[in-house]
Colleague: 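Below: one structure in structure tokens.
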Protein chains: 4
Amino acid sequence: MISKEENILFAAEKLFAEKGFEGTSIREIAKAANVNISMISYYFGSKEKLYEKLVEYRMNEGQFFSKDILERTDINDWEKIEKIVDQFAGKVRHQKCFYRIMQREQLHTQNPHIVDFLKQTKMGFISMYSKILESGLKKGIFTKNPPIYLLHSTVSGTLFYASNAKEMYKEFLNNTDEEEIFDDTYYTELNTHIKYLLKDLLGYEENK
Amino acid sequence: MISKEENILFAAEKLFAEKGFEGTSIREIAKAANVNISMISYYFGSKEKLYEKLVEYRMNEGQFFSKDILERTDINDWEKIEKIVDQFAGKVRHQKCFYRIMQREQLHTQNPHIVDFLKQTKMGFISMYSKILESGLKKGIFTKNPPIYLLHSTVSGTLFYASNAKEMYKEFLNNTDEEEIFDDTYYTELNTHIKYLLKDLLGYEENK
Amino acid sequence: MISKEENILFAAEKLFAEKGFEGTSIREIAKAANVNISMISYYFGSKEKLYEKLVEYRMNEGQFFSKDILERTDINDWEKIEKIVDQFAGKVRHQKCFYRIMQREQLHTQNPHIVDFLKQTKMGFISMYSKILESGLKKGIFTKNPPIYLLHSTVSGTLFYASNAKEMYKEFLNNTDEEEIFDDTYYTELNTHIKYLLKDLLGYEENK
Amino acid sequence: MISKEENILFAAEKLFAEKGFEGTSIREIAKAANVNISMISYYFGSKEKLYEKLVEYRMNEGQFFSKDILERTDINDWEKIEKIVDQFAGKVRHQKCFYRIMQREQLHTQNPHIVDFLKQTKMGFISMYSKILESGLKKGIFTKNPPIYLLHSTVSGTLFYASNAKEMYKEFLNNTDEEEIFDDTYYTELNTHIKYLLKDLLGYEENK
DNA sequence: CATGAATGAGCGTTCATTCAT
DNA sequence: CATGAATGAACGCTCATTCAT
């Protein structure tokens, strides 16, 4: 059973993703969530706080998502990288709305809460990459030591850009498949591509 | 001498970049441009049209930017790719506001004018890459034939992401240089990185 | 107890009557009705819709006003005509604001709602006159068969014109009576005059 | 040759008639008259003064229109009445725009100039009617002595009302004639009708 | 008896929020 | 952990007019 609060949250997420924070009115959200306008201020305090709550909600939902990957011993460092990419790509694909919001936030944001969330996430990634890279280098699995921020920019940037431009590329590729099938192919190809880049960047050789 | 119209245009660009279209009021723009509110409608017709005019203005400004690269005979196909990356990176660096606006537009946009501009630009890039790749493959300069859209996503995505996250990375890198100097290093490193990725993707070997 | 909505409606009616639709601002209405400006959009949606609502309100109020006259059997056809004139004159006198608005609307109007209301009213009158005239002719009460539209123009036109010019005529007649008393005399005389004209037009003789 | 000033005046007249004073913007007038917006204030001082000038212009054009009728000796008093009605009806028919404006003004007006014009016109009519009635009674041409203001209201009211409702009646009469022909018939019938009413009111018998 | 740029006030409307229940 | 009415501020825009030339 979905709560009234989550109902509002999800309606807001969709609208914020589509039209941005300022472009979305609480009237629209209320209508989409099928609740009275005053409910939003009532539940969340304000439009701003609803926004923050939403980010918080999604962050909590996925915050432990790759923490434990680091500590796993059943897979090697490259496989850990693969897992991270898989997980991240999966999220970008299936939490499209939320990641759209986060991307828009990276373009400005004055909200200190969101800035914090963003920094935290980014630093989380960077620290994971660092640790794996260090370990992999030590073990000789990786042979190159690229700046982490470039590695991160490449993975996240390519993933986001390709995700956003999907519709345009679809048109360009003259694709006629239905949504789900095209998506599968698209994200698989994208995923492989990113891993290919990472192998090069890290100097990882598959069958060594 | 800067005209009143351009004055408005540039003030608007900065604000739109910072706060988005809906987040910026014509009152703010008028104040920033030091003109009367009614001037915006007077010169441009409406806030929306000002926005479109701005995009048009920047697009025109840079529209011939790499068309002639294709036809040059004094440089080989790889050098053409390098030129495109250099130019593009230069723009993203120095027209930060405009590219911020365009990135935000990629996250939704209902405005058909902007959609058109975006498509046009993207297709322009893709067509350029295609031609150079084809030519380079024929000549044996390139040895791989990656999907153009992935190549494009990687270049644009990495560039944009790194550009947006600059301040965060700067902090992470504990940099104490002044703005200009850090920027130089940052974009040089970024540029080299992207070219490195492209060499790998295209199978180009420098001193063959 | 008068509702806030009616409060706005009546304030608007007075102002629209005095200054026309375009000549009246919602700020004036709000001030006159002693409510916040935003209440107009809140209650009615827009200034235009408030206007339409007002017309609708007054029309509904008086819509059954003479429908049943036709079916009465206790009075003859001439007396029916008299009743209609009495009722109509009473309305014009006591709903001065509304009829002022409607007269102004007859001078142009683009609003399809209002056009419809006007047509409806006019056709209602014409149909009533037609039926009574036909019946009266059959019974020999009336001996003439004038074009209905001329009959209607005479009644409505004379009534409206005299009503509008009342103040000027009052001055001309050097009248010193107080408002209410002058009004009584004025409208009584006017009423008698119109009936006199109708008798002539219909060929009705009182004591036949 | 039509002057630029008259050009503006006539464009304004048409628009004021259609949409009222407040409903018409000087931008519209300027566009219709094919002149620069600032010309209106330049020529006439203000929108208000343009309006007054227009009324003045039309009043002057027709002010002596029936003054000399009174002094004529070649026609009797009834024929004088007929001439007045003919002239008035002709004006209402052919100066439709101007009379529309004047009717609208009768419904309110704050402008003292216009109030004066209206009063002047009305009093002119009333005085003419008075003199002719007095003379006709003395000579025995008229046998009744109705209140002048009722006589005037009937003539003007019927004429105006019928003129305004023409399109609606046209529809009602299922008329298929072309504009000009229907107009001829309509105004002839209307004119005859008004004279018929006047004969009754004045107690005039044609072939006595 | 001209012109086009520019102005500030005011327009109708919508906004996020709060109040009374 | 509810509701619907009501609010004042701000929105984008148009208005009649004026200014500089």
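Each chain gets a letter, A, B and so on, in the order the sequences are listed, and its residues count up from 1.
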Colleague: With heavy atoms under 4.0 Å as the rule, sort C:I37 into base, sugar-phosphate or nothing.
Modeller: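 Counting heavy atoms under 4.0 Å across all strands, the contact made by C:I37 includes a base.
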Colleague: Toward the 5' end of DNA chain F, which comes first, B:G45 or B:E28, by nearest nucleotide?
Modeller: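 Checking each residue's closest nucleotide, the 5'-ward one belongs to B:E28.
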Colleague: Does B:K96 have any side chain to side chain contact (heavy atoms under 4.5 Å, CB included) partners at least two apart in sequence or in another chain, and if so, which?
Modeller: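 Once residues adjacent in sequence are excluded, the partners of B:K96 under the side chain to side chain contact (heavy atoms under 4.5 Å, CB included) criterion are B:R100, B:S163, B:K166, B:Y187.
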Colleague: So, is D:K4 close to the E:dT3 phosphate, meaning a side-chain N or O under 4.0 Å from OP1 or OP2?
Modeller: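 Yes, within the criterion.
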Colleague: When the nearest nucleotide of DNA chain E is assigned to B:M39 and to C:I40 on a heavy-atom basis, which residue is associated with the more 5' position?
Modeller: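 Counting from the 5' end, the first nearest nucleotide belongs to B:M39.
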Colleague: Under 4.0 Å between a side-chain N/O of D:N36 and OP1 or OP2 of E:dG4, yes or no?
Modeller: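 It does, given that an N or O in the side chain of D:N36 lies less than 4.0 Å from OP1 or OP2 of E:dG4.
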Colleague: For E:dA16, does either OP1 or OP2 sit under 4.0 Å from a side-chain N or O belonging to A:S46?
Modeller: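 Checking E:dA16 against A:S46, no side-chain N or O comes under 4.0 Å of OP1 or OP2.
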Colleague: Judged by atom type as modelled, is there a donor-acceptor pair below 3.5 Å linking the side chain of C:R104 to the main-chain atoms of C:A17?
Modeller: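 Side chain of C:R104 to backbone of C:A17: a pair is present.
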Colleague: Identify the stems formed by DNA chain F, where each pair is Watson-Crick or G-U wobble with both distances under 3.5 angstrom and a stem is at least 3 consecutive pairs.
Modeller: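 Runs of three or more consecutive pairs: E:2-21 with F:2-21.
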Colleague: Can you sort out the partners of B:E22 under side chain to side chain donor-acceptor pair (under 3.5 Å), two or more places apart, ordered by chain and number?
Modeller: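 Side chain to side chain donor-acceptor pair (under 3.5 Å) list for B:E22, sorted by chain: empty.
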Colleague: When you get a sec, tell me which of E:dG12, F:dT17, F:dG12 is the closest nucleotide to the side chain of D:I26?
Modeller: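 So the side chain of D:I26 is nearest to F:dT17.
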Colleague: Please work out if C:S38 contacts a base, only the sugar-phosphate, or nothing of the nucleic acid, heavy-atom cut-off 4.0 Å.
Modeller: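 Base contact.
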Colleague: By the salt bridge (charged side-chain N to carboxylate O under 4.0 Å, His left out) test, which pairs, at least two apart or in different chains, include something from residues 41-53 of chain B?
Modeller: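 Residue pairs with at least one partner in residues 41-53 of chain B: there are none.
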Colleague: Respond yes when some side-chain nitrogen or oxygen of C:Y42 is under 4.0 Å from OP1 or OP2 of F:dA5, and no when none is.
Modeller: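 Yes, such a contact exists.
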Colleague: Could you tell me whether D:E61 and D:R58 have a side-chain N and a carboxylate O separated by less than 4.0 Å?
Modeller: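 So D:E61 pairs with D:R58 through a salt bridge.
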Colleague: With sequence neighbours left out, what residues match D:S41 under side chain to side chain contact (heavy atoms under 4.5 Å, CB included)?
Modeller: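 Residues passing side chain to side chain contact (heavy atoms under 4.5 Å, CB included) with D:S41: none at all.
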Colleague: Would you mind classifying the nucleic acid contact of A:S41 as base, sugar-phosphate or nothing, using non-hydrogen atoms under 4.0 angstrom?
Modeller: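 Since a base atom lies under 4.0 Å of A:S41, the category is base.
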Colleague: By side chain to side chain contact (heavy atoms under 4.5 Å, CB included), which residues pair with C:K122, not counting sequence neighbours?
Modeller: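 Scan of C:K122 (side chain to side chain contact (heavy atoms under 4.5 Å, CB included), adjacent residues dropped) gives C:Q106, C:H152, D:Y161, D:A165, D:M168.
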Colleague: Does a nitrogen or oxygen in the side chain of D:Y43 sit under 4.0 Å from OP1 or OP2 of E:dA2?
Modeller: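 Indeed, a polar side-chain atom of D:Y43 lies that close.
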